[in-house]
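Remarks on the structure that follows.
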There are 2 protein chains.
Amino acid sequence: MLMDARRLLIFREVARAGSISAAARALGWTQPAVSQHLAALERAVGVPLLLRGPGGVELTEPGARLLDRADQVALQLHLAEEELADLTSLRRGRARLAAYPSAAATLVPRAVAGLRARHPDVDVELTEVEPPEALGLLESGDVDLALVFGYDGDPAAGRGLVWRPLAAEPVALVLPVDHPLAGRRRIALAQLAGEPWIVGCARCRAHAVALCAAAGFAPSVRHVSDDYVVVQNLVAVGLGVTLLPHSALDAYRHPGVVAREQASFGTRTYGIVHRPGAERVPATAALVRELAGQGAPPG
Amino acid sequence: MLMDARRLLIFREVARAGSISAAARALGWTQPAVSQHLAALERAVGVPLLLRGPGGVELTEPGARLLDRADQVALQLHLAEEELADLTSLRRGRARLAAYPSAAATLVPRAVAGLRARHPDVDVELTEVEPPEALGLLESGDVDLALVFGYDGDPAAGRGLVWRPLAAEPVALVLPVDHPLAGRRRIALAQLAGEPWIVGCARCRAHAVALCAAAGFAPSVRHVSDDYVVVQNLVAVGLGVTLLPHSALDAYRHPGVVAREQASFGTRTYGIVHRPGAERVPATAALVRELAGQGAPPG
DNA sequence: GGGCATCCATAAGCATTGATTATGGCTCGC
DNA sequence: GCGAGCCATAATCAATGCTTATGGATGCCC
């Protein structure tokens, strides 16, 4: 086992002070306390480290060597404290974020810009992935935060992760501008039972299918794409209809489509997932605050 | 005050083992012991250092930074132990010796050669000075050992130093070869009352004067020199008589002088003086053993 | 899907560590 | 020679720190 570092630092203090009594005063202790620590240290190393004389102590050769190491240890401890203080006060740091595409296009850039403005040396590393992969990255420790969405419930349930919902966004029905129903005030999904449907990721598809089932039909899924630009282009040229969340239409809006938001189309909830405890890491916490739209620390 | 280095090393062990339980096993402790230390460390630094999950722990960014420092601290402690082991086992080291001239010419070279043969990387630094200055160097911390002599009693008495006599050497009366008394079997000092006398250092002079006084006369001191070569040359050409210790005649013997050792001329004791505790410093102890003529460690 | 193994945290008990006060030896300076 | 510095040692007591005991949570396996 390694030498007792505490006693090593006490020894260093004695060497610096020039006497055991002076070191004790500097440490706010009594003289015997320091004396006993030194005796224990010398017993442990098996060699006299300092020669006691009236008027103080003087280092032996082994003592002088050990003092060099003690200085190094003290330096490292000091550096450790400084580094931690830097990280705590956000003078530096890093937060790794996985986000889904439409968020990466809208919410994330704003949050990152806000964080950079407040803390220029806190770096954000963004990975754009769909929610399931984001959770995988989180579990493997490759990212600190995952910005994900779910149509209902907790998208990270049962995975040992923490889910913090941020907001619910409406889901819109997307039709070509020249669609017969494009001008109607209210649209019933059942009216689109005969249309070809375009769906995105597995969860979006499940949501669409569930909505249609509730409306009494099974949609005919003709095209599949995660890309909200691709999907809107397909809709615009009349290849089908689709459902898209508000943020996807916020990030990009094809002029050839119309979007109708109705409560009956449901909502999509997005939020942050992280490993328990990660929210207390300063850089991570700061990014969470930015994403939640409250850049300044609460309180 | 600095961070608790002990807990830092426990944290390091946890990071290395991958889990608190594994670290506890490695340390021969129970899991709660390590858990509590980590909790205390995190409380002290104010930042989570690792995220607990089933299957073990994972470092946060602050934890990763702190681990680097912990490694440095452990390295320094390890190096400290190695260096001390080197010094203890005489794989390296240094002993600073102050010795008076005739010893420096005879006893010391043999001792240094012996030490070097046994421990090639233990360095001896020799300073040739007369005993009083040697004690001064000892007190000021400039040497570890002083090889000194005295005509009676402890030459370092009352100075807070340790006196270890090594041997008593006879004192010889030194006459020119052509002196009328040169052939006599026994010589009484009183017979030399009319001769010019040559004396050396203050203590040697005091010894000579005391001897002459005991013989009933006050010597006429004509020449003063510490240098036993100079003194013998003066005697050889008939400029006076003198008293010299055996070692001075052993180091150099002028053909033009005769030396008579008699109990009545007294003895000169030489030995080692050191600060209390210094005899336990390995390099110093080894040199003491060599000087005492017992190169191998006792026992 | 329920039981089991493993992870971690917390609480309470107790032994050791580590501080204290008290005392004594030693050297130096007045 | 006496007082004021050093330092070491012994004895006492409190706090630290390790223990056992327990509970919550996750993941694996049949």
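A quick note: this is a predicted structure, and the numbers were derived from the prediction, not measured. These values consider heavy atoms only, across backbone and side chains, with no hydrogens, waters or symmetry-generated copies. Lettering follows sequence order; numbering is per chain, from 1.
In this structure, the CZ atom of B:F11 is 14 Å from the P atom of C:dC8, given to the nearest Å. Between the C1' atom of D:dA25 and the CG atom of B:L51 lies a distance of 16 Å, rounded to the nearest Å. One atom, CZ of B:R275, and another, C1' of C:dT27, lie 13 Å apart when rounded to the nearest Å. As rounded to whole Å, 12 Å separates atom C1' of D:dT20 from atom CD of B:Q31. If you measure from atom CG of A:L138 to atom C1' of D:dT26, you get 16 Å, rounded to the nearest angstrom. For the pair B:L49 CG and C:dC8 P, the interatomic distance rounds to 15 Å; values are reported in whole Å. Between the CG atom of A:D4 and the C1' atom of D:dG17 there is a distance of 14 Å, rounded to whole Å.
A side-chain contact (heavy atoms from CB on, under 4.5 Å) with B:V143 holds for exactly one of B:L135, B:L137, B:L97, B:V273; it is B:L137.
Summary of the strand contacts: B:G56 and A:A33 both lie near DNA chain C, and taking for each the nucleotide with the nearest heavy atom, the more 5' one is attributed to B:G56. Each of B:G53 and B:E139 has a nearest nucleotide on DNA chain C; the 5'-most of these lies closest to B:G53. DNA chain D is contacted by both A:I20 and B:V34; A:I20 maps to the nucleotide lying nearer its 5′ end (nearest heavy atom per residue).
Distance from the side chain of A:P32 is smallest for C:dT21 among the nucleotides D:dT19, C:dT21, D:dG17. Side-chain atoms of B:Q36 lie closest to C:dA12 of the nucleotides C:dC8, D:dG17, C:dA12.
Listed pair A:R7 / C:dG18 meets the phosphate criterion, a side-chain N or O lying under 4.0 Å from OP1 or OP2. A close approach under 4.0 Å does occur between a side-chain nitrogen or oxygen of B:S21 and OP1 or OP2 of C:dC8. Considering only side-chain N and O atoms, B:S35 lies under 4.0 angstrom from the phosphate OP1 or OP2 of C:dA9. For D:dC6, the OP1/OP2 oxygens have a side-chain nitrogen or oxygen of A:R25 closer than 4.0 Å. At C:dT10, none of the side-chain N or O atoms of B:R52 fall inside 4.0 Å of OP1 or OP2 (strictly under the cut-off). Checking the phosphate oxygens (OP1, OP2) of C:dT20, a side-chain nitrogen or oxygen of A:T30 falls inside 4.0 Å.
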